[in-house]
Each structure stands twice: as structure tokens, then as C-alpha cells.
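Input: a single structure, listed below in C-alpha cells.
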2 protein chains.
Amino acid sequence: MRTIKMNPSPTISDVAKAAGVSTATVSRAFSRPEMLREETVIQVRFHATRLGYLPNLAARALSTGRQGNIAIVVPDIANPFFPPLLKAAQTAADLAGYSVFLGDSDEDPEREQRLVNKLVMQVEGFILASSRMPNKQILELSERQSVVLINRDTPGLPRVLIDTVAGINAAVAHLAELGHRSLVYISGPAASWSDQQRRSAVSSAAVLHKMKLESVHARHPSFDAGREITSAVIGMDVTAAITFDDFVAHGLLAGLAEQGVVVPRDFSVIGCDDVLGASTYPALTSVSARCDEAGRMAADLLMSNLQMDKRDDTRCLLETWLVVRDTTAPAPDSSLSRAKKKAHPKSAIGTPGVMRMRSTV
Amino acid sequence: MRTIKMNPSPTISDVAKAAGVSTATVSRAFSRPEMLREETVIQVRFHATRLGYLPNLAARALSTGRQGNIAIVVPDIANPFFPPLLKAAQTAADLAGYSVFLGDSDEDPEREQRLVNKLVMQVEGFILASSRMPNKQILELSERQSVVLINRDTPGLPRVLIDTVAGINAAVAHLAELGHRSLVYISGPAASWSDQQRRSAVSSAAVLHKMKLESVHARHPSFDAGREITSAVIGMDVTAAITFDDFVAHGLLAGLAEQGVVVPRDFSVIGCDDVLGASTYPALTSVSARCDEAGRMAADLLMSNLQMDKRDDTRCLLETWLVVRDTTAPAPDSSLSRAKKKAHPKSAIGTPGVMRMRSTV
DNA sequence: TCTTGCCATGCAACCGGTTGCATGGCAAAT
DNA sequence: ATTTGCCATGCAACCGGTTGCATGGCAAGA
């Protein structure tokens, strides 16, 4: 353990001195080399690399107003829905020469606002994924900065939406086809656009198929919350559940198993987001989407807005589909009572928006 | 779609004008309020918030040399090992007032170096998680900046290591106790310190328990790579596998299932990192650790180094343990041949470093 | 009432780049 | 040989803060 002084990085004027030119020439050797004699550029670059010179982006930002940074804010990095999205966005940004700040709001609107404030002067734009901030604050922000939203449908702003309506419709149709006459929707965060969309999609699909619809709220999109609402679900006289996300579904599966309810024989479960994939047991039927695609598109949208110096309000929908695995089966004779297990009807294969997957384990 | 001009943010001099004071006073009202009359501070702050003033951190960094940013670089955000770590680190940094840059090197040392170069002037320090860069470059970097490593054991630098030795020992002991006489280690990225550590820990534990040890390399820490090496494993005349991580284990489980090998009756599998938890089927026995803890510690270590303006070389070990679930069972009579299934010996419970989990689904 | 001293505030240089404009030198044109 | 014109480079102001030092005003002490 020792006190140290980091050797200060060489600056543009160190390089200038070494190369026997002015700082302006050094600057141009990097940012506008076509203005200089080729020989000069080579000289300057030579001394720069020899000294280990790296341009100070903060200083550059100060004079150009272009930071070369963007920020991505998500409600919960640890939710597997986001990492692929983050990765894709970061890759796209990197390709365009941008660096990315990461913010985790922990599902808290105030913390999200504080994060945004801390970052706003250091970035050229924001990607807000599943933002929990009120519309007013988002619009305010968008007057200073380019903003692209993911899974939040605020008119006037560019946004990438994972359109679960198709997937949910397929899910409800799938249940109806299996003979279910009732289901429960287990809802997620109230501030979540996705939850609102899913809730209303389930609702109208239930009407269409003349199914009885109940609803329960999971206090948090997590395994534990899913397990907690199990008793409520069991007491509800329904034969199937569609949950806000895969975690709630996973928790519910665990809760049902504990109570001796056999899935899918006694009860069918469908998740959303398809992030657990085939790794649950039984392998979870889920509404799936390319969430990495959402990240990439949002980043590209932001980047192109920055380069064009314009603002559009593209509303970009990403399609979803149902992946049928092993948690859905024909309805039992009565809700949550024993029923003989039947094979999955083959009719599900080939239905539009439905994909039958072989369980991987 | 319209071209817009973002209204420029108010600067310190706008506030100064509005409040009828100098820019120095505005600056001090924020950074050193105790130097000013209380009344002045209130006045300045009032006008600042009225105008929506937010300090320009890049400008501040330029004159103070303190950016208020750190960077975290990981080889693969989408690998579930990292998100909890990232989240914990980001939370700790945020608490200390720092913002965080995120870099994904995609397992590529050159890309990692490029990322680092782009960020080096904008941050006060780096957290490099499972860095794939050569030691030389890491040490070079550490002369300019504070660096904290995760899962990389470079002497002279502060580092947080998830010490899988204890967990691996427990894993091998567990297999030995179940009557296995042979096993294969399925290795991961060659540049990974964790892989080296795990490989050598398996090796010495195998010697200790007089077990035959084979080894296969998975080209990538992923499900697919795990599935790919299945045939190699089957051809190997061993009765158990320990894999570099849970993904490889998951892939292997899938591959074995496809080939009709029943786990754990015919073959036992143990993963590492415990990121899939109970969600595989059968629920995976795995070497577990608090990886969020690693992120938090690394962030705290970095932060304290920055504030003390010193550099230590703390070597911080995080313990691991074996979580026994449903992929390990007594050895079959001969390798990969049928054997009657026995119950798990209760003796595993209570062995130090071993934890018996009820499968959650 | 005049001096002393402190405290609140302002001035101006500086951090490390960028860039509009000025300048000087050399080649081509006259 | 002189003029013209362009191209490569330098000068210096500026981006938005911070901070050492100077200054002015007011209160306390003489």
C-alpha cells in the first residue's frame, strides 16, 4: 500500500513540442488530417504514439459540444431481459464510435431522474429502456437531448416497442384451443408500458374467445413474487395463467409444485419474454421476442438522429410469437382437479404466430 | 420528422447574470458553499434551479482532473454471471457519486484494449472483470489510472477473486464420496484466470482422491459449445463431469439427454458459477458464489483508492461452496452403463462447503 | 474618528482541446 | 522579375467550469 502519483497523460501541447509544431497542427493531425501535408501528419502521429498520447475526450467535448457518449438506463440490469438488449446496444454504439454510460434505476422513478441528471451533460443522447419516469419528465429531457425509448409508448418520441399483442393473442388462442375456458393474468409493475399492453391484450383476447378472465398483481417481476401469489391463483377457479414475465411464471411453477399441482396436467402456465427458455422444468411455454434486436434498433435510431441532427418520432414495433413448450396442455375436466393427461394437440403446429419447440433438456 | 435545435443548457454565466453575481460565486455556491454568505448561496441556487441549470461535468473534469466517472469492462454482458456483478458495482458507484461507463469486449483482447483507450481519459478508474488483456497492457494502464481486477490474479494490483478452489474441492470430494473413480474437466476460455484456477484445482483434488482425470476443451463458455463436446465426453470412459461454467453444463445435459444418457443415474454433472440455479432440469449441482458481492467489493475498493489517492494491492478472496441439486448421484457400476438408481447419500449434508438444496420446481 | 483585519466576492488564468482567421512561402502565371 | 493565388501552418479566442490571489466593505478595536 503506497501513495502514488499517476503519471499525467501527455497532452496535445506535449506532442506539439516534441514534433516541433503548434497545438493546432496536432489537433488537426487527428481530427482533420486532410488539411495537413501527409508528411506532417505522419510526423505528428509518430510522436503522439511514441509519447502514448490519447486525446482527452472531455476537453474535446467542451469545445465541440459533441461528447461521443450515450447513456442507457434500465430498471434492472439483473433482469435477464435487459442484458442481451444492453449488449446489442453497446455493440452498435461502439461501432459508431460512441461510448456508453450505464444506469440502473432499480425500478425507482426518482433514482432514474437523478441518474439522468447526472449524465445529461456528458452524453449526446439517451436510450431509456422500460422507463419508469413520468411522461412529463421524459418530454422535458427530450428537449435537451435526443431520447429513444424502449417499451414505452410516448407519442412524439422515437420508440422501439416489443409488440406483445400478437404473442399474447397466440397464447390465449392456444389455451382456448386446448379447451381452457378461464385464465388469470398475473400483472407486473404498474408503471410498465409492457404490463399495460399485455393486460389489455389478454383482456380483449379473452373476450374474443369467450373465456373468463381473472387478474392478480405480482408486487415485483421476480421469482419470489410469482411464488407468493400461488395461493391466490389456486383459489381462483381458473385452469391457466399468463404471467407478466418468465420470472413470475417460474415462481408460480415452483409454488404450484409445492402445493402438489401438476403442470401442465392440472394447470397451464405461459410466461412472457422467453428469457428462461427451455431451462425451467417443465420447459416454459412463453411469448418470445428478439430483445437484442430492440437494443440494436434503439441504438441505431439514436445514432442516426445524432448524426442527422434531427429528431424523428418513429414508432418501431418488434413482433412476438408464442413458443410452445411443456407447461401448456389440454384443460383438466374442472379447474385444478385431476384430469387424464392427453398429448398436446398437433393442431398447434402451423398456427400462425406459434412455434413448437422441442425441449432442450 | 423535423430538424430541431436542442435548447442549449444554461451555463454558469447565465446563472451568474440572473443572480447578479460572478461566475466564481456560482461555482462556489455549488462546490464550496461554506465560503459564501448563506443568503448568497440561496439566491444563486434559486436562480439555478429556476433556469434548470445543471453543472457540465466534462468542463468541471477539465479543470479539476476529477471526472466522477469509472468504467466497468466485461467480456460478455449477456453471460448471466456478470449482470448481478454489474448491478452491484453500479449501485456502489452511484452511491459514491460516480457514474459508470460500460464496456463489453466480446471476449476479444484487442477490442478490450480499444474500449479502454477510448475511456481512459474520461474516467478516474477501471474495473476489469475477467479481463482478457495481456498482463503487460493491464500494468501499463494501471500506471495512468486506478485499476481493480475481478477474477484475474495480477500481483501488484488490487483484485477481487472468486476463489473456486474450495468449491471445486468440495465438488470432487462429493463425487468421490458418491463412488466416482473418474471424471472429466471441461475447460473454458484459455485466457481466463478462473479457468486456469478451476483446472488446477480439479487436477490436484483428483490426485488427492485418486481419481482418473480427463479433460476436454469447450471452444466457448456457452450452451452450444457444451452440447458439442457431448460425444467426446461419452467416448471417454468417465462417470462424471465438472464444467467451466453452468452454460457448458446445461449444454452437456442437453447433449446427454439427446444421446439417451440419463442424468444423474448414468452420469453426474457439476457446473460452476451457479447462475442457472434450479432452473435446469434436472436441477444442476453447481459451485456457487456471491458474484454480486464481487462487483460491490471491486467498486468499493476502487472508490476508496480514488478518494485516498493511493494504490493498494489488496488480494481479496471470495469463498465458494458446492450446491448439491439433482445432477449428481452415485456412480453407475461402469461408466455410462446402466446402474440402479440409489438415493443420494445423506452424508453429503453437513460436509463442510456443501449445501443441499431442495430443487425449487 | 481612524486603523486593523477578516470575510465575502470578483478577476483572470488555467484545464486540453477546436477552429476562424491571419500569415507566410512557394509555384504558377504574366 | 513581379504578381497572383493557394495551401500548410500558426495565433488566439473559446467551450464551461475552478481556484489562487486581489480587493473592497464592514465591524471591532484603539
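None of the values given here were measured: they were computed from a predicted structure. Numbers restart at 1 for each chain; the letters A, B, ... are given by sequence-line order, proteins then strands.
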- Of the candidates D:dC11, D:dG17, C:dA12, the side chain of A:Ala24 sits closest to D:dC11
- Message: Over all strands shown, is A:Thr64 touching base, sugar-phosphate only, or nothing at heavy-atom distances under 4.0 angstrom?
- Response: sugar-phosphate
- Message: If I take atom CD in residue A:Gln67 and atom P in nucleotide D:dG16, what distance separates them, rounded to the nearest angstrom?
- Response: 11 Å
- Query: Taking CG from B:Leu57 and P from D:dG17, how many angstroms apart are they, rounded to a whole number?
  - Reply: 9 Å
- Just how far, in rounded Å, is C1' of D:dG16 from CG of B:Leu51? 15 Å
- Give a yes/no answer on whether the side chain of A:Ser22 brings an N or O atom under 4.0 Å of OP1 or OP2 in D:dG10. yes
- Task: Could you work out which one of C:dG16, D:dT9, D:dG17 sits closest to the side chain of B:Ser63?
- Result: D:dG17
- Note on the structure: If pairing means Watson-Crick or G-U wobble with both distances under 3.5 Å, then the partner of D:dG16 is C:dC15
- Face-on cation placement of A:Arg45 at A:Phe30 ring, 6.0 Å and 45° thresholds: yes
- Across all strands shown, which nucleotide pairs with C:dG10 by Watson-Crick or G-U wobble geometry, both distances under 3.5 Å? D:dC21
- Residues A:Glu140, A:Lys136: salt bridge by 4.0 Å N-O rule: yes
- Atom-to-atom span, CE of A:Met35 to P of D:dA8 - whole angstrom: 9 Å
- Task: Could you tell me whether A:Ser27 contacts a base, only the sugar-phosphate backbone, or nothing, with contacts defined as non-hydrogen atoms closer than 4.0 Å?
- Result: base
- Side chain of A:Arg60 only, please: which of C:dT9, D:dG17, C:dG17 is the nearest? C:dG17
- Item | A:Thr23 side-chain N/O to C:dG17 phosphate OP1/OP2 under 4.0 Å | no
- Message: Below the 4.0 Å mark, does D:dA8 have OP1 or OP2 next to a side-chain nitrogen or oxygen of A:Arg37?
- Response: no
- Between A:Ser13 and B:Val41, which is nearer to the 5' end of DNA chain C once each is assigned its nearest nucleotide? B:Val41
- Query: Hey, does A:Tyr53 reach any base, or is it just sugar-phosphate, or nothing, if we go heavy atoms under 4.0 Å?
  - Reply: sugar-phosphate
- Query: Does the pair A:Arg159/A:Asp153 count as a salt bridge with the N-to-O cut at 4.0 Å?
  - Reply: yes
- Report which part of the nucleic acid B:Val26 touches: base, sugar-phosphate, or nothing (heavy-atom distance under 4.0 Å, all strands). nothing
- Message: Tell me the interatomic distance from A:Asp14, atom CG, to C:dC15, atom P, rounded to whole angstroms.
- Response: 11 Å
- Message: What is the separation between atom CZ on B:Arg28 and atom P on C:dC7, rounded to the nearest whole Å?
- Response: 15 Å
- Item | Cationic N near anionic O, under 4.0 Å, A:Asp104 to A:Arg111 | no
- Item | Heavy-atom donor-acceptor pair, A:Lys87 side chain to A:Phe82 backbone, under 3.5 Å | no
- Where the side chain of B:Gln122 meets the backbone of B:Gln67, is there a donor-acceptor pair that is under 3.5 Å apart? no
- Query: What is the distance from CE of B:Met121 to P of C:dC15, rounded to the nearest Å?
  - Reply: 13 Å
- Query: Roughly how many Å is it from CG in A:Leu62 to C1' in D:dA13, rounded to a whole number?
  - Reply: 13 Å
- Task: Assign A:Thr40 to base, sugar-phosphate, or nothing according to its heavy-atom contacts below 4.0 angstrom with the strands shown.
- Result: sugar-phosphate
